[in-house]
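Report on the following structure.
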Amino acid sequence: MSEVEGDRDGKGVLPRHIAIIMDGNGRWAKERGQARHKGHQAGAEAAREVIATAGELGVPVLSLFAFSSENWSRPATEVNRLMDLFRRALKQALPKLHENGVRVRFLGDRRRFPEDLQTRMAEAEALTADNQSLTLNICAGYGGRWDILESCRRLARDVAAGKLNPEDIDESGFAAGLSLADVPAPDLFIRTGGERRLSNFFLWDLAYTELYFSERLWPDFGGDALREAVTDFGERERRFGRVADNEGEASA
Ligand code: IPE
Ligand code: IPE
Ligand code: MG
């Protein structure tokens with residue numbers, strides 16, 4: 001079954017892949033007169049709950065945007081606090097994730113991360129590589145444009161090496177070089193915090209994704225809010241550029 005035909009007219013179906021921009025931590029903290037990093041801490045708690053709920057629902061793939069390529073431009077103090085939080089959250093959460101059969105992966109350019117964190121990321125991936133219940137993609141240092149360029153570079157290398165004819169480059173060959181190569185494209189995209197933009201999250205992969213925007217700030221977005229979003233998704237009709245089954249013109 002092709003990706004596009006996956007769940008056409010699939011009312012009530014569960015998304016095979018949910019991608020979330022976890023936005024609004026800073027505003028959540030500000031509303032409470034707290035420093036931004038307190039919001040990030042609360043955000044990590046919310047992530048834990050949403051991961052557990054995705055597992056309970058039986059969603060096969062969950063991608064969480066934790067840190068964008070542009071977030072490196074934030075003040076050094078905030079970036080450093082976030083690195084500390086990644087370190088702690090990973091250490092704390094990993095045993096439970098592994099016990100629950102979660103396969104953890106990190107998507108993004110990790111070369112700018114502190115070396116110890118790069119090592120921990122690789123260790124977490126190796127430890128959980130064979131787990132089967134939920135694939136959890138943590139997008140860190142991730143940018144949709146970076147992802148597309150990585151795939152372009154790979155194809156360019158193959159062409160330069162004489163292994164690939166430019167005329168033979170097609171969508172599936174291109175997609176094979178992207179971070180999400182081995183999982184279905186997101187069926188459902190969620191952004192919390194009220195902004196209605198993609199902020200350089202998955203670009204290629206969101207072509208036919210259903211978009212869902214929540215006004216809730218990320219630390220207030222819990223398991224119930226995820227269930228609401230999944231129910232909303234289940235009521236949508238996806239057409240992928242075609243006409244609904246019952247509305248096609250009878251052939252002459
Ligand atoms: C999202 O929350 C977390 C990261 C980008 C790391 P923000 O930090 O962007 O929170 P707001 O949007 O400023 O409220
Ligand atoms: C997007 O949120 C990135 C993450 C949530 C990790 P931002 O807060 O960085 O996005 P903008 O600046 O509002 O576009
Ligand atoms: Mg934000």
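In listed order, ligands and their atoms are each counted from 1. Quick caveat, the model's predicted, so the values are computed rather than measured. Positions are given from 1 along the sequence.
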Exercise. Identify, with sequence neighbours excluded, every residue that meets ring pair (Phe, Tyr, Trp, His ring centres under 6.0 Å) alongside Tyr212.
Key: none

Exercise. Using a strict 4.0 Å threshold on nitrogen-to-oxygen distance, state whether Arg87 and Asp84 make a salt bridge.
Key: yes

N/O contact list for ligand 2, threshold under 3.5 Å:
from     : atom 1 : to     : atom 2 : distance (Å)
ligand 2 : 8 (O)  : Asp23  : OD1    : 3.1
ligand 2 : 8 (O)  : Arg74  : NH2    : 3.3
ligand 2 : 9 (O)  : Asn71  : ND2    : 2.9
ligand 2 : 9 (O)  : Arg74  : NH2    : 3.4
ligand 2 : 10 (O) : Arg191 : NH2    : 3.3
ligand 2 : 10 (O) : Ser199 : OG     : 3.3
ligand 2 : 13 (O) : Arg191 : NH2    : 3.3
ligand 2 : 13 (O) : Arg197 : NE     : 3.4
ligand 2 : 13 (O) : Arg197 : NH2    : 2.8
ligand 2 : 14 (O) : Arg197 : NE     : 2.9
ligand 2 : 14 (O) : Ser199 : OG     : 2.6

Quiz item: Asp23 and Arg27: which non-hydrogen atoms are nearest, and at how many Å?
Solution: OD2-NH2, 3.2 Å

Quiz prompt | Donor-acceptor pair between Ser199 and Arg191 side chains, under 3.5 angstrom | solution = yes

Quiz item: Heavy atom of Arg36 under 4.0 Å from ligand 1?
Solution: yes

Quiz prompt | Candidates Asn137, Asn131, Thr135 - the one meeting side chain to side chain donor-acceptor pair (under 3.5 Å) with Arg103 | solution = Thr135

Quiz prompt | Result of checking Arg238, Arg236, His17 against Asp187 for side chain to side chain donor-acceptor pair (under 3.5 Å) | solution = Arg238

Quiz item: Protein N, O or S atoms less than 2.8 Å from the Mg ion (ligand 3), ignoring waters?
Solution: Asp23 OD1

Quiz item: So, Arg110 side chain and Gly141 main chain: donor-acceptor pair closer than 3.5 Å or not?
Solution: no

Exercise. Indicate yes or no for a side-chain donor-acceptor contact from Glu125 to the backbone of Arg105 under 3.5 Å, with no hydrogens or angles considered.
Key: no

Self-check item: Pairs meeting criterion salt bridge (Lys or Arg N to Asp or Glu O under 4.0 Å) with involvement of residues 133-152, two or more places apart
Solution: Glu150-Arg153

Self-check item: SB check Glu123 Arg120 (cutoff 4.0 Å)
Solution: no

